[in-house]
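Nothing here was measured: the structure is a model prediction, and the numbers come from that model. All chains are named by letter (A, B, ...) in the order of the sequence lines, taking the proteins before the strands, and each is independently numbered beginning at 1.
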2 protein chains.
Amino acid sequence: MLAIGRLSKDSGVKIPTIRYYESIGLLPPPVRSEGNRRMYPPEAVRRLRFIRHARELGFEIDAIRRLADLAQDPAQPCCEADLLARRRLIEIEEKISRLAAQRDELVRMIGDCTHGRIEECRVIDTLDDHAKCLHARH
Amino acid sequence: MLAIGRLSKDSGVKIPTIRYYESIGLLPPPVRSEGNRRMYPPEAVRRLRFIRHARELGFEIDAIRRLADLAQDPAQPCCEADLLARRRLIEIEEKISRLAAQRDELVRMIGDCTHGRIEECRVIDTLDDHAKCLHARH
DNA sequence: GCTACAATCTCCAGTCACTGGAGAAGCAAG
DNA sequence: CTTGCTTCTCCAGTGACTGGAGATTGTAGC
């Protein structure tokens, strides 16, 4: 049985975050010691690492809840996990293309900047008039 | 003088958002009509469009506050605006590379997936064991 | 046993940039 | 004068934490 500090170190998840995950039902409430401290079984480390890894890939808590449930049940078909992953992938690709459009626009603004006064500043000027900007998705 | 609904339509910023911008001091409080309605001068449209455009490029409110102040004062040097834009550009590039790493990882997970049972699911399996994943920044 | 000090507890407020609902009041047209 | 639209203020919720206050509990050394 591990105390929360130990679990935190072993899993790489901060203590308040572990308590938060418990409060939203993502991590099952552990047993308590006599003095009311949370005492975790060793499997908790794995569960938390799973969660952390999924968070690092940008999955939302709800998706992770599903993914973690599926991981518990090895006989289930894997199509739902697959779907969740594909959905996340699409999200990522949309985000990247939005960011790429922003980047292109900023590069153009900065590149054009004459480093003089505001009145001739391309950065301010472009912000001021959307028409002066590539109508890219941003 | 424009009522808030008109300003909202002309600027493309929602009514509650306009009120929010006023509450945080990003948009100066307009005069009020006898019946306590906000009445905006025509310049408000431009200011709000400026803000909206900057938000679309992902600038934070604090940065926009500075940018909008600079735009008011055309005699100022443009280096600060330039710096703010460069900073945002760096942020974007970091975000893109983080997302690209996530994307690569997900593509690998999904591609490997045999579409069978969870026990052999590469998606779940990879989440379960970080060591099985490219140690890319994600 | 006593004293530090570390670890943990609960509760609550704050982050960021909105968003939307409730309930009241004002305003224009028919 | 009524109907319906717009606007008003206030407040709570979003997602996923994060951190502080103040109280307890546990542990190590003396």
Worksheet item: Rounded to whole angstroms, how far apart are CD on B/E60 and P on C/dC18?
Response: 11 Å
Worksheet item: Is the shortest heavy-atom distance from the side chain of B/S8 to the side chain of B/I18 under 4.5 Å?
Response: yes
Response to the item:
Looking only at heavy atoms, the pair that brings A/I124 and B/L70 closest together is CD1-CB, 4.3 Å
Practice prompt. Identify which nucleotide among C/dT19, D/dC8, C/dA17 has an atom closest to any side-chain atom of B/K14, counting heavy atoms from C-beta outward.
Written response: C/dT19
Worksheet item: Hey, is the side chain of A/R32 poking within less than 4.0 Å of OP1 or OP2 on C/dT10, counting only N and O atoms?
Response: yes
Worksheet, complete the sentence: Taken to the nearest whole Å, CZ/B/R38 to P/D/dT7 is 11 Å
Practice prompt. For B/R52 and C/dC18, give me the distance from atom CZ to atom P, rounded to whole Å.
Written response: 12 Å
Discussion item. Run B/R65 and B/D69 through salt bridge (Lys or Arg N to Asp or Glu O under 4.0 Å) and show every step you take.
Written reply: CA-CA 6 Å; B/R65 217 188 295 269; B/D69 284 357; over 6 Å; no
Worksheet entry | 5' precedence on DNA chain C between A/Y40 and B/D62 (nearest-nucleotide basis) | A/Y40
Worksheet item: Any side-chain heavy atom of A/V13 within less than 4.5 Å of one from A/I51?
Response: no
Practice prompt. Check every atom of D/dC8, D/dC17, C/dT8 against the side chain of A/I61 and return the nucleotide holding the closest atom.
Written response: D/dC17
Item to complete: Return no unless some side-chain N or O of A/Y21 is found under 4.0 Å from OP1 or OP2 of D/dC17.
Response: yes
Worksheet item: What is the distance from CD of B/E56 to P of C/dA17, rounded to the nearest Å?
Response: 15 Å
Response to the item:
B/I15 CD1 to D/dC5 P, in whole Å, measures 14 Å
Worksheet, complete the sentence: On a heavy-atom basis, the closest approach of A/D10 and A/L2 is OD2-CD1, 4.4 Å
Response to the item:
Ranking A/I51 and B/G35 by the position along DNA chain D of their nearest nucleotide, the one closer to 5' is B/G35
Worksheet entry | For atom CD of B/E22 and atom P of C/dA17, their distance in whole Å | 18 Å
Worksheet item: Where the side chain of A/S33 is concerned, which of C/dG20, D/dG26, D/dC17 is the nearest nucleotide?
Response: D/dG26
Worksheet entry | Under 4.0 angstrom between A/R19 side-chain N/O and C/dT10 OP1 or OP2 | no
Discussion item. As a test of reading the structure: which of D/dG19, D/dC17, C/dT19 is closest to the side chain of A/R55, going by heavy atoms?
Written reply: D/dC17
Worksheet entry | Atom-pair distance (CE on B/M1; C1' on D/dT7), nearest Å | 17 Å
Practice prompt. Tell me whether the OP1 or OP2 atom of C/dT8 has a side-chain N or O from A/R6 closer than 4.0 Å.
Written response: no
Discussion item. Tell me the interatomic distance from B/I18, atom CD1, to C/dG20, atom P, rounded to whole angstroms.
Written reply: 14 Å
Worksheet, complete the sentence: Regarding the side chain of A/Y20, the nearest nucleotide among D/dC17, C/dT10, C/dT8 is D/dC17
Fill in: Presence of donor-acceptor pair under 3.5 Å, side chain of A/R37 and base of D/dT25
yes
Discussion item. Need one value for B/I24: base, sugar-phosphate or nothing, where a base atom within 4.0 Å counts as base even if backbone is also close, heavy atoms only.
Written reply: nothing
Worksheet, complete the sentence: The residue, B/E34 or B/F59, whose nearest nucleotide of DNA chain C is more 5′ is B/F59
Discussion item. Just so I know, are the side chains of B/H53 and B/L57 near enough to count as touching, which here means a heavy-atom distance under 4.5 Å?
Written reply: yes
